Amino acid sequence: MTLKAENITFSYNSKGKKTKVSNPVLAHFSAEFEREQIVAVTGPNGCGKTTFGKVLIGILKQQEGIVRIDGINTKEMNLTQIGKKVGYAMQNPMQQIFCASVTDEVEYGLKNLDLPIEEIVTRRDYYLSYFQIEQYKDQFPFLLSQGEKQRLVLAAVLAMRPNYLILDEPTASLDSYRKKLLGEYLRRIVGELRCGIILISHDRAFISKYTDREINMQAGKK
Amino acid sequence: MFALKTLDPRAKMLILICISTLAMITSDLKALTILLMVTILIPIAGKVNFFELLWQAKMAVGFIVFIFIIQCLFVRTGIPLVTIKAFTLITYDGLSLACLLSLRLLILIISAIIILTGEPRDYLLAFAQCKVPYEIAFMVMVAIHFFPILREEALNVFYSVQLRGTEIKNASLKKRAQVYIKICLPILVGALEKARVMSIAMEARCFRLFPYRTYMRRLVLKKRDKVSITVTLIVAVLFVGMVFIPPVYATEISMPDVMDDVKPYGIVLSWTEDNRNTQTVTWSAGKGEEFIQYLDEGTYQKNDGFKTSSQIMSVKAKRIEIYENKYYRYEATMRNLAQGSTYYYRVGSADVWSEAYHFTTAPQNADSAQFMFMGDAQAEVRDIDYPIWGGFLKEAYTANPNTAFVVMGGDLVESSGNTKDWDGFLKEGESVFSKIPLMPTPGNHETSILPAVYLKMFALLENGLTEAPEEFYSFDYGDCHIVSLNSAVFMSERERYMGSQKWQELIQKTVGWLKSDLMDSDAKWKIVIMHHPAYPINEDDVLYDLIRSNWVPVLNEAQVDLVLCGHQHTYMRTKELSGVIYMMGVSGEKRTHYYQEPLPEYVQKISIEGGNYQIVNATDKSLTVTSYNREHQEIDKIALMPKTRIDKKPWHNALYAYLQCVLPS
């Protein structure tokens with residue numbers, strides 16, 4: 001039971017043609033992520049961390065190589081099926097918020113999972129309070145501050161309790177107290193829910209404190 | 001050629017404006033196709049990786065295909081082209097509209113590629129140097145710049161909606177619409193936020209601190225830019241000229257090289273004056289002095305033909321230049337002939353004479369008259385179809401030897417600018433038309449704007465409109481009054497050529513002339529010949545409506561008995577419509593316009609089995625019209641009773657109308 005990238009090559013210039021891959025961002029890149037682990041993906045700006053995250057989640061399609069989620073090739077799954085197994089929080093929370101209120105935002109994914117209503121309410125209230133945004137629950141989410149938006153996105157994604165989580169710079173706009181909350185929660189779900197977490201980050205302190213393993217993308221390049 | 005990338009942005013903008021304007025103002029498919037080719041050629045010649053850019057625009061191309069299919073399927077007017085089990089899938093109108101729209105869209109999309117070869121800041125500079133206020137130019141550029149960013153954001157939202165469990169692919173339309181609305185919200189908020197942040201950032205960097213701006217760089221027009229601009233303007237003007245000023249002869253022209261020694265051929269009898277004592281002959285021959293010689297029957301027999309020169313009467317022919325130094329037609333009229341008498345004649349010059357033919361002038365008071373009507377003769381395959389038609393004509397005349405003359409309803413030839421087509425028709429027709437007159441009516445195939453070549457080929461009566469000599473005429477034979485109308489006068493080419501107002505005036509004049517001509521005639525039978533049908537099998541041309549609104553009221557008022565026409569390559573007869581019967585014929589090989597669709601209720605008889613002709617027999621008791629097929633078997637026959645016509649004098653009309661109201665019927 002792993003999330004596995006095998007020999008991935010991806011370039012923004014190839015326009016879907018397999019034969020002509022020029023200037024690749026990822027060249028024959030392989031990595032494996034187990035459940036019950038937090039793995040940090042690090043590297044300097046522009047080395048392809050976010051691209052790698054998008055390839056893993058299936059938003060970007062690699063020209064070569066295979067991504068397998070629990071053994072299933074992602075090319076045979078649609079985004080909805082992937083989304084049920086892998087949670088993804090983008091770098092910019094603005095593009096992941098699309099509901100009219102904070103509550104709706106957290107409920108949106110839960111409703112799609114066909115959970116019983118009591119479960120939805122329990123989870124919603126739990127995540128709103130855990131990430132300390134319950135005081136805004138009837139607000140228009142676009143009016144929140146950047147850090148609050150980020151917490152909202154984390155709450156919305158984590159509430160779905162996926163097997164794997166890809167978090168792209170989740171700590172960028174968080175204060176140290178909220179970072180601690182996030183870190184502790186991540187550790188907890190790794191244990192309780194057997195979740196595998198991929199953390200794309202520059203935050204050295206956060207990485208050293210909470211992660212089990214680090215993949216440095218720059219170091220891997222020849 | 002130089003790279004398009006290095007061309008001045010102003011020149012590129014001009015090219016774009018010219019192409020898109022031309023694409024919008026033309027609806028001629030040929031012109032649009034040429035424009036599309038030019039639009040494709042510019043980036044290719046300008047060393048742009050055209051096909052890669054086109055690949056990026058594949059979504060748009062898909063959209064065009066979609067538009068094409070929708071137009072094809074939903075436009076229901078016009079000639080059906082593809083029919084599946086009585087259901088018409090594609091019509092001519094649908095297909096042409098689909099082609100028009102997709103060509104236009106394709107041109108617009110491809111012309112945008114030309115603009116894509118430049119840097120946005122160059123266009124900003126170009127705008128500013130063209131005196132567009134900098135703020136506006138800047139705004140436009142920012143807007144264009146933001147398109148890809150907004151697109152990416154929209155996609156990201158779209159992905160996150162799916163990742164959080166909403167299926168899009170198999171979702172219902174309603175559900176999908178909800179998702180799209182959801183996507184709009186963050187995009188809109190994001191765009192507003194970006195604008196706010198950007199304006200702060202710009203002001204923080206002193207945007208509009210001073211009332212005017214200076215520029216580090218200035219665009220200078222190089223020689224190649226000036227040349228490009230000039231060429232673009234010239235080509236655009238030429239293009240407009242080509243599309244909107246149609247050439248006089250758009251049809252194919254091909255002619256024999258030398259015609260000097262050509263023996264007379266294509267002899268056609270017709271009437272230009274009173275048919276009881278004159279006879280006109282036209283023929284083709286090489287350049288030279290041509291004559292007609294003639295003798296009355298008795299002298300001809302006595303002299304054993306034209307062997308002795310005594311008593312031979314001779315008329316010098318008028319030479320008509322169809323194409324200068326290429327093709328000549330000759331015209332001569334024999335006058336002072338005795339009515340109802342037979343004459344022998346031959347045409348040519350001292351060296352070369354045609355063989356001797358004979359004809360008979362119209363009698364003073366014929367108690368009966370018989371003539372033949374033939375619809376469209378035009379041939380698609382010149383060398384095969386004209387001989388077939390000519391054979392058919394000969395057989396028809398042999399089967400009906402009492403026929404006094406032939407009237408034809410237009411579309412005699414396929415391409416009226418092509419003398420080979422005319423030769424096909426005239427040579428095949430000679431054996432009959434040298435014995436009995438042919439009185440033709442022009443059709444759309446004789447017409448480019450005017451039926452110019454047709455009018456030179458034939459000599460006809462000029463008793464119609466002085467503005468359009470020989471296009472409208474009438475004559476009497478026995479008890480018949482026959483009117484020939486050029487229905488191609490309603491073609492839009494003529495309206496465009498004359499200007500709408502003058503054309504309207506001409507149409508009004510045709511109405512006036514037709515009315516006075518028909519009303520003034522005392523003939524028992526009134527017959528009208530025109531090419532286009534007033535009542536067609538299907539409305540595949542807007543022209544029919546113009547005939548109905550302009551001429552049909554006059555035909556009804558004058559109580560015309562019979563209207564003979566062609567055009568739809570089918571035999572068809574209507575029931576009596578306000579007292580008038582409309583009959584359509586075809587004598588050539590062209591495909592019918594009838595596609596098994598439901599027929600209008602007025603159609604009483606139809607036959608699509610191919611060529612046919614009509615024998616009209618007029619006595620003082622009845623008018624019989626019999627139609628025969630290729631095998632000379634009868635396919636339809638009608639007999640009409642004479643009409644009690646109201647007297648033509650206005651006060652008589654009023655009295656008659658009054659009495660009709662007052663008296664019990």
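Only a predicted model underlies this, so the values are computations on that prediction, with no experimental measurement involved. Chain letters run A, B, ... following the sequence lines, proteins first, then strands; residues in each count from 1.
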Q. Side chain, backbone, both or neither: which part of A:M90 has an atom under 4.5 Å from a heavy atom of chain B?
A. side chain

**Q.** B:T166 side chain near A:Y108 side chain, heavy-atom distance below 4.5 Å
**A.** yes

Q) When you check the side-chain N and O atoms of B:Q162 and A:N78, is any donor under 3.5 Å from an acceptor? A) no

Q.
Measuring from atom CG of B:L163 to atom CD of A:Q96, what distance do you get when rounded to the nearest 0.5 angstrom?
A. 8.0 Å

(Q) Does atom CZ (B:F63) have a neighbourhood of more than 12 heavy atoms from anything else shown, all under 6.0 Å? (A) no

Q) In terms of heavy-atom contacts, does CZ of A:R188 have more than 12 from other residues, nucleotides or ligands at under 6.0 Å? A) yes

Q: Verify whether one side chain among B:S160 and A:Y88 offers a donor that lies under 3.5 Å from an acceptor in the other.
A: no

**Q.** Segment of A:F98 engaging chain B (4.5 angstrom heavy-atom cut-off)
**A.** both

**Q.** Over 12 non-hydrogen atoms of neighbours within 6.0 angstrom of CZ in B:R205
**A.** no

Q) If you measure from CZ on B:F158 to CG on A:L79, what distance do you get to the nearest 0.5 Å? A) 8.5 Å

(Q) Is it true that, when you exclude B:F66 itself, more than 12 heavy atoms of the residues, nucleotides or ligands shown sit nearer than 6.0 Å to its CZ? (A) no

Q: Side chain from CB out, backbone as N, CA, C, O: work out which of these in A:I97 comes under 4.5 Å of a heavy atom of chain B, or both, or neither.
A: backbone

Q) Salt-bridged, B:R164 to A:E107, with N to O below 4.0 Å? A) no

Q.
Can you confirm whether more than 12 heavy atoms, excluding those of B:L173, are under 6.0 Å from its CG atom?
A. no

Q.
Please determine whether the number of non-hydrogen atoms from other residues, nucleotides or ligands lying under 6.0 Å from atom CD of B:Q178 exceeds 12.
A. yes

**Q.** Test log, rule side-chain contact (heavy atoms from CB on, under 4.5 Å), inputs A:F142 and B:L192
**A.** CA-CA 11 Å; A:F142 297 97; B:L192 288 173; over 6 Å; no

(Q) Does B:R151 have more than 12 heavy atoms from other residues, nucleotides or ligands lying within 6.0 Å of its CZ? (A) no

Q.
Within a 6.0 Å radius of atom NZ on B:K194, are there more than 12 heavy atoms belonging to other residues, nucleotides or ligands?
A. yes

Q. Of the backbone (N, CA, C, O) and the side chain (C-beta and beyond), which part of A:K111 lies under 4.5 Å from a heavy atom of chain B, both, or neither?
A. neither

